Structures are given as C-alpha cells and as structure tokens.
Student: 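The following block contains the structure, expressed as structure tokens.
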Number of protein chains: 2
Amino acid sequence: MHGSGRVKIVDVAAAAGVSVTTVSHVISGRRPVSAATRARVEDAVRRLGYQADPSARGLRTQRTDTVGLVVPDITNPFNTELAAGIQAVAYARGLLTVVCEAPMTDGPQLPAVLGQLTARRLDGIVLGRFGAQRADLDLIAGSGARLVRLGTRIADGPGDVVRGAETEGMRGLVRYLVGERGYRRIGFIGGEAGVEPGGERYEGYRQALAEAGRAVPEDLAVWTGFTREGGRAGAARLLDTAEPPDAVVCANDLIAIGALDVARERGLDVPGRLAVTGYDDIDAASMVSPALTTVVNPAREIGRSAARLLIDRLDGDEGPAREVVLTHQVVRRTSA
Amino acid sequence: MHGSGRVKIVDVAAAAGVSVTTVSHVISGRRPVSAATRARVEDAVRRLGYQADPSARGLRTQRTDTVGLVVPDITNPFNTELAAGIQAVAYARGLLTVVCEAPMTDGPQLPAVLGQLTARRLDGIVLGRFGAQRADLDLIAGSGARLVRLGTRIADGPGDVVRGAETEGMRGLVRYLVGERGYRRIGFIGGEAGVEPGGERYEGYRQALAEAGRAVPEDLAVWTGFTREGGRAGAARLLDTAEPPDAVVCANDLIAIGALDVARERGLDVPGRLAVTGYDDIDAASMVSPALTTVVNPAREIGRSAARLLIDRLDGDEGPAREVVLTHQVVRRTSA
DNA sequence: TCTGTCATGCAAAACGATTTGGATACGTGA
DNA sequence: TCACGTATCCAAATCGTTTTGCATGACAGA
C-alpha cells in the first residue's frame, strides 16, 4: 500500500533504522555514508516508494528545479520544436519545463506573464523572439532566474543568447536564387516591421542583392505579418505592381505558404513563372506543393543549446555572458 | 529597489504595521479584515512588490497550483492545440501548466514520465491519447492528483473523460463519400493497430459502409502509423492491390498527407482518380493541395473542457466521474 | 594511556507561508 | 456594574525538507 504519496522522509528513516539526516545524505550525496547504511536506506526508499516533497525541498533550497520558456505563440511549429529541444535536455537533468504563451496581440501581455513566472521562482527562463522591453529583461534578471534570450544580440540586455545566423542564411538563399537560378526581379515579404527576426533576414536579402551588383528594389519589399494570411496579402500587393517580381523571398514559411496560395489562385506556375521561398523549414514546408525551398532554422538545436546554457549557469558558472550562434542551411526543394 | 524577489510576508506586515496573520488574511480573504487595514496592507504589497513564495505556500497548503498534460508527441499539432486550450483556462485560474512528452517509441516511457510528475505533486493531470495501462492510471490517481483522460471511455479507469465523437465523425465523412460523391471502393489507412483513436475511427468507417449496404472490404484496410511516412506506406500497399480503391479514408491528416504524396508521385488526379480524406483538421490540412477534406477535431476545445473539469475537481467537486463528448464536423475541401 | 583524526550519525535550527485558538477592545442590554 | 457578543488582530504551531554544529566510536601515532 505504498505510493499513496504520503510517505515522508521520517518514515524512510524509521524503516531503515537511521535518522532523517542520514537519509537526506544518502539521497543528496553531500556527506559520506557507509555502504551498509546506504544500502539499507536505498532499500527503504524503494520499498516505500519515497519521493521527496518538492515544496519542502524548494522551501529549504530556494530552488524549484523548473525552467520556463516564453513564446508569443504556442502553436507555431517553430516554437514547438524549440520547446521539444529544451524539454529533452532539461528532463534529463531532472528539471521540469513549463512553456508559456504571451500573445503579441491585444497589448503587452508579456509583463503579466512574466509576473506570473517570477512569482513561481523559476530557476531559469528562456525568452523566445519578442520585441521584449529592457524593463522586461531586468524584471527576469532581478527575480533571480537565469536568463537566456533567443534571436537577439548579446549587448541588448542581461543573460546569455542563442541565435541563428539569420543574415547569412538569407544571404545564401538569395545568392542561390540569383546565381544558380537566374531570377532577376526578386521581391521580399516581411512580417511585422521591427519584430525579430525580420530585420536580420531582410538585411541578408539586401546584402546578397548588393553583392550581386543588383539594385535593391525598394518598391518590392512589403511588411505584413508572420502568418499565412500575411503572405497572401503581401504576395497580392507585390503581384499587382506595375512590374511584378519573378521571385518572392518570404521572411518565414507561413508567409511563403500564403504566397503559394495566391500563385495557385492566379494560375501562376511555381517556380516557372514565380519562385517562392520560405524560412525556418517547418514541417508544413515539405507538405505543400510545390515543396518549399527554404532555410532550415534548427529550432530543436536552438532549444537544446539554450537549455544547456541555463544548466551551466545553474551549476554555478558565473562567467561572462555567452552567445552561441547556429548556422543556417538552405534546403532546395521545388518552389524555387 | 523592490522586486528583488526577496521580500517576505513579514516585510509586508512590518511596512503595513500589522501581523503576518493579517497580511495572509487580506490576501486569502479567509477572515474578515477592516477596510482600513486592508487598504494599508494592499498598499504595502504593491509598494514592495510582494509575491508569496510558492514553495512555502505549497508546503503548508499541500497544493502546487500546477497541472500537467502528458502527450506522446509534443510537436504534433493536435497536441499543441490541446495544450493551448488547457493553458488558456488554467492560466486564467492562476494555475501553471506543464506539458510533458512521453514518446511511444523505444519502450514504455510513460511510467517514468508519470513518476517524475507525481514526484512533483501536481494538482491535476490531463492524460492525452495513449494506450495507457491501468497501472499507470492508478499511479496517477494514487498520487492525489485529479485525473482527466482524453479519448477513451469512462469505464476504463479512474478520473473524468473528455472525448470527441470519433465514430460519428468518421461515419459522417464516409456517408458523404458514398452518398454524395459516389465513390465505390473505399479503403482505410489506420495508424498503429490498437492505439486510440484508431479503433473508433475504423468503427465509424465500417458502420457507414454497412449502413449503405456495402460490403466492408477487409482487404482494403491497412494499419501503419499515425505519420506522413505511415500514410505513404499504406497508400502504396492499397494502390498495389489487384483491385485498387477509388478513395482512401485515413485515420488522421498526417496519414492523408502521405497518401497525397504517393498520388502525386504516381500522377493520380485527386480527387478525380483517387479521393483522399484525413481526420483532425490540423493546420497543414488546408495548406496542402489539393486541400484535405477532413473532420475537424476541436483540439483546443477539448483542452478547455479538460481544464474546466480539472478545476471543478480542485474546487471540491466530488461527484461521480463525468464524461464530456464533443461533436465532430466534416469539412469539405477539394481532396474528396 | 593519551591525544588527535577520520568516519559516521544525530538533534535542532532554519526555510516562508497558512491557520487555529485566543486576546483585546468596544458596544449593548439587563 | 456585569456579562456577553462582535469585530479585529496576534502568537504560535505546523507543513517536510536540508544543513550545520556536535557527539560518538574506532583507530593510529606518540
């Protein structure tokens, strides 16, 4: 009849014929315990199904063994992969992961969500791609939680950073479009203006064009939203201009999928008449047809790296802020 | 310089000139406090940025204000929607949600993950669609956590249940295929045999055929896995039979997307030469072309219902086990 | 034999909240 | 004046761990 969730450390101590101190020491290994005693204790733990109460432990140790991930949209597949990556390495270390959504729509939800999280005394927080205010970052840092920011620059605030080589990735993609495929008039559809990682991706597009000696067509860059709907609107705008593009480079895959929609509606052959490219390589990118040529943004690996940074900090690493940048690779499918 | 995360209830009491008891009472409202005192305390809380320590509170109250969701695959969009639904209503109640993945591959991970969760003393657990053993369910129930199971029957174990009307949904879909669209030889591609909700969906398919006076073609039902790859394999098997089907009904959308792949490879017009249907209506279902005719499985609403059930229990509802079943609606797109 | 070192194990003091059983003061009715 | 509610507030016990400072026994070196 064990496992009723009610067995306490004193019960284990009684069963093993030792004091609670000794039980604690064999569990934590913080002081030596003779092999014989250790065996008796471990046996009692097993028999009784003892699991330390996390509240009591946390009260004493001031740790919750919990880390959080905050993202703007929990259903976005990129964020899901991120969460999976963090979860995997955190779980292996006995850390629980909670992922929270702080929608960017209807006002700044971020401070409220962050308030909930700091109230929970999380050991660490991974902050997904936001236009986070400096005050938000300081709130986290001030709460005692270690912080890892995603997709921004190290100088922007406290904590460590992991980000992808967005600019380089996009530059490689556009270079491929003009160099190997010979597209001539290349448009750009961005997400919300000013929201990362839109800026860096646009920068990569601009650089590649400049390197190739092409003029950067200012009239062929539009900013909408990082959604399929945004892609539809953006593509429509671009195709309705006097001199429409023969290729559109999109700031993410969802936008590209929206662009594919309008191409199909208008009977435009892709990639013959119009090339379309995405960014991120979410699952859906290879499900649509034509399959998207895009850049793989290693979301899961980003999550893993972030979790590893966090764990290093929790293990006492007090070195200077670190930044890990992951390379991005273009994957050629049929849409361009 | 407040908000340093170190302010305790005694600090608030001192600042307000009252005892800690009184502070606790104005916060919890468990005993009356005069308006003047209340105001002073609330002001102090605000000024100091006091947030109660969850470990200390949890130790005393034996609650963690945390609920968990366990799913086989955290990146599956259906599960993501589920999580979003739970999260939304839990968050509004001040509950934190943790979602855990217990992969069905490489052996039974479920017991291990469940062990981690019961060690955390969660207040409630929502258990996604698994082939969960009775022992697993009893483990949860025995840990003191309230349990909501998804997609199974109420009689199968402890806790409440929320499930979709899978059988009816599939019956409606197949009825549409034979009645309105006139398909004659309809195959079925299932996921892993014996894993919910495969059985119910197959049952719906069978019933619809029987109702229409059709023979149920035993040779046209194959079981693979709930993935795109599974769909590819299943469709190939079906199309290579002596008398191939003119329509394939798939147990979920990913399978259907795989089936679409092989139709495209073989140059089969969909839906002219072969109809393909899915189930769940994940985002990708409307992104592929032809867009999938499928059945919408209201994942987010399922999540909301589950969270509401949990909260009722946490609020003291000790009534008999409850079961909420949500209707499923077929959505007609172009693939059938 | 005496002293000093290890190796062990224990008792008791935190950790920061909630909650119970009184205390205090103030009216009120007899 | 006395007894008795009522409205407020407080002191102290409690939740289940971890961890610090000692106590004990064994053993070695002098």
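Fair warning: this is a prediction, and the values are worked out from it, not measured in the lab. Heavy atoms only: backbone and side chains are in, while hydrogens, waters and symmetry mates are out. Letters A, B, ... mirror the listed sequences (proteins, then strands); counts begin at 1.
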Student: How does protein reach along nucleotides 23-28 of chain C, written 5' to 3' as B (base within reach of a heavy atom under 4.0 Å), S (only sugar-phosphate), or - (no contact)?
Tutor: ------

Student: Under the side-chain contact (heavy atoms from CB on, under 4.5 Å) test against B/Asp136, which residue among B/Val113, B/Leu110, B/Leu127 passes?
Tutor: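 Exactly one pass, corresponding to B/Leu110.
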
Student: Salt bridge check, B/Asp53 against B/Arg57: does any charged N sit closer than 4.0 Å to a carboxylate O?
Tutor: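 The answer is no: the pair does not qualify as a salt bridge.
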
Student: What bend angle does the helix from C/dT1-D/dA30 to C/dA30-D/dT1 show across its length, from five-pair end axes and to the nearest 10 degrees?
Tutor: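 Answer for the end axes of this duplex: 60°.
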
Student: Could I get the full list of side-chain contact (heavy atoms from CB on, under 4.5 Å) partners for A/Leu59, not counting sequence neighbours?
Tutor: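 Partners of A/Leu59 by the side-chain contact (heavy atoms from CB on, under 4.5 Å) criterion, ordered by chain and then number, come out as B/Ser55, B/Ala56, B/Leu59.
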
Student: Calculate the interatomic distance between A/Arg121 atom CZ and C/dC15 atom P; express it in whole Å.
Tutor: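 So the CZ-P distance, A/Arg121 to C/dC15, works out to 14 Å.
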
Student: Which residue pairs pass the side-chain hydrogen bond (donor to acceptor under 3.5 Å, both in side chains) test when at least one of the two sits in residues 88-104 of chain B, sequence neighbours left out?
Tutor: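 For residues 88-104 of chain B: B/Arg93-B/Asp315.
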
Student: Among residues two or more places apart or on two chains, list those pairs meeting salt bridge (Lys or Arg N to Asp or Glu O under 4.0 Å) that have a residue in residues 62-89 of chain B.
Tutor: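 Found B/Glu81-B/Arg300.
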
Student: What pairs with B/Thr80 under side-chain contact (heavy atoms from CB on, under 4.5 Å), at least two apart in sequence or on another chain?
Tutor: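 Partners of B/Thr80 under the side-chain contact (heavy atoms from CB on, under 4.5 Å) test: A/Thr75, A/Thr80.
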
Student: With a 4.0 Å heavy-atom cut-off, tell me which residues in residues 53-63 of chain B come close to DNA chain D, sorted by residue number.
Tutor: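 Those residues are B/Leu59, B/Arg60, B/Gln62.
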
Student: Taking the basic N atoms (NZ, or NE/NH1/NH2) and the acidic carboxylate oxygens, is any pair closer than 4.0 Å for B/Arg308 and B/Asp312?
Tutor: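 So B/Arg308 does not pair with B/Asp312 through a salt bridge.
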
Student: Just the endpoints, please: which first and last nucleotides of DNA chain D, 5' to 3', lie under 4.0 Å from a heavy atom of chain B?
Tutor: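 First and last nucleotides in contact are D/dT8 to D/dG16.
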
Student: For A/Arg129, check salt bridge (Lys or Arg N to Asp or Glu O under 4.0 Å) against everything at least two apart and list the hits.
Tutor: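 So A/Arg129 forms a salt bridge (Lys or Arg N to Asp or Glu O under 4.0 Å) with A/Glu166.
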
Student: With heavy atoms under 4.0 Å as the rule, sort A/Ser28 into base, sugar-phosphate or nothing.
Tutor: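 Here A/Ser28 touches no strand at all.
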
Student: When rounded to the nearest 0.5 angstrom, what is the spacing between SG in A/Cys100 and CD in A/Gln109?
Tutor: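 A/Cys100 SG to A/Gln109 CD: 11.5 Å, rounded to 0.5 Å.
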
Student: Please name the pair of heavy atoms, one in B/Ala44 and one in B/Ala16, separated by the smallest distance, quoted to 0.1 Å.
Tutor: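 For B/Ala44 and B/Ala16, the tightest heavy-atom pair comes out as CB-CB, 4.0 Å.
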
Student: What are the residues of residues 8-25 of chain B, sorted by number, that bring a heavy atom to within less than 4.0 Å of DNA chain C?
Tutor: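 Heavy-atom contacts with DNA chain C come from B/Lys8, B/Ile9, B/Thr21, B/Ser24, B/His25.
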
Student: Could you tabulate the donor-acceptor pairs under 3.5 Å formed by side-chain atoms of residues 26-33 of chain B, not counting sequence neighbours?
Tutor:
{"from": "B/Ser28", "atom 1": "OG", "to": "B/Ser24", "atom 2": "O", "distance (Å)": "3.1"}
{"from": "B/Ser28", "atom 1": "OG", "to": "B/Arg30", "atom 2": "N", "distance (Å)": "3.4"}

Student: Counting the atoms with a prime plus P, OP1 and OP2 as sugar-phosphate, which does A/Arg31 contact under 4.0 Å by heavy atoms, base, sugar-phosphate, or nothing?
Tutor: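 The answer is base, as A/Arg31 lies within the cut-off (heavy atoms under 4.0 Å) of a base atom.
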
Student: Tell me the side-chain hydrogen bond (donor to acceptor under 3.5 Å, both in side chains) pairs involving residues 146-158 of chain A, sequence neighbours left out?
Tutor: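 Every pair satisfying side-chain hydrogen bond (donor to acceptor under 3.5 Å, both in side chains) with a residue in residues 146-158 of chain A: A/Arg146-A/Glu318, A/Arg149-A/Thr152.
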
Student: If every non-hydrogen atom of B/Gly85 is compared with every non-hydrogen atom of B/Val89, which pair is closest and at what distance?
Tutor: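 Closest approach of B/Gly85 to B/Val89, heavy atoms only: O-CG1, 3.2 Å.
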
Student: Where do A/Gln116 and B/Gly94 come nearest, in terms of heavy atoms and distance?
Tutor: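 So the minimum-distance heavy-atom pair works out to NE2-CA, 3.9 Å.
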
Student: Just so I know, are the side chains of B/Ile302 and B/Leu82 near enough to count as touching, which here means a heavy-atom distance under 4.5 Å?
Tutor: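 Yes. Closest side-chain heavy atoms under 4.5 Å.
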
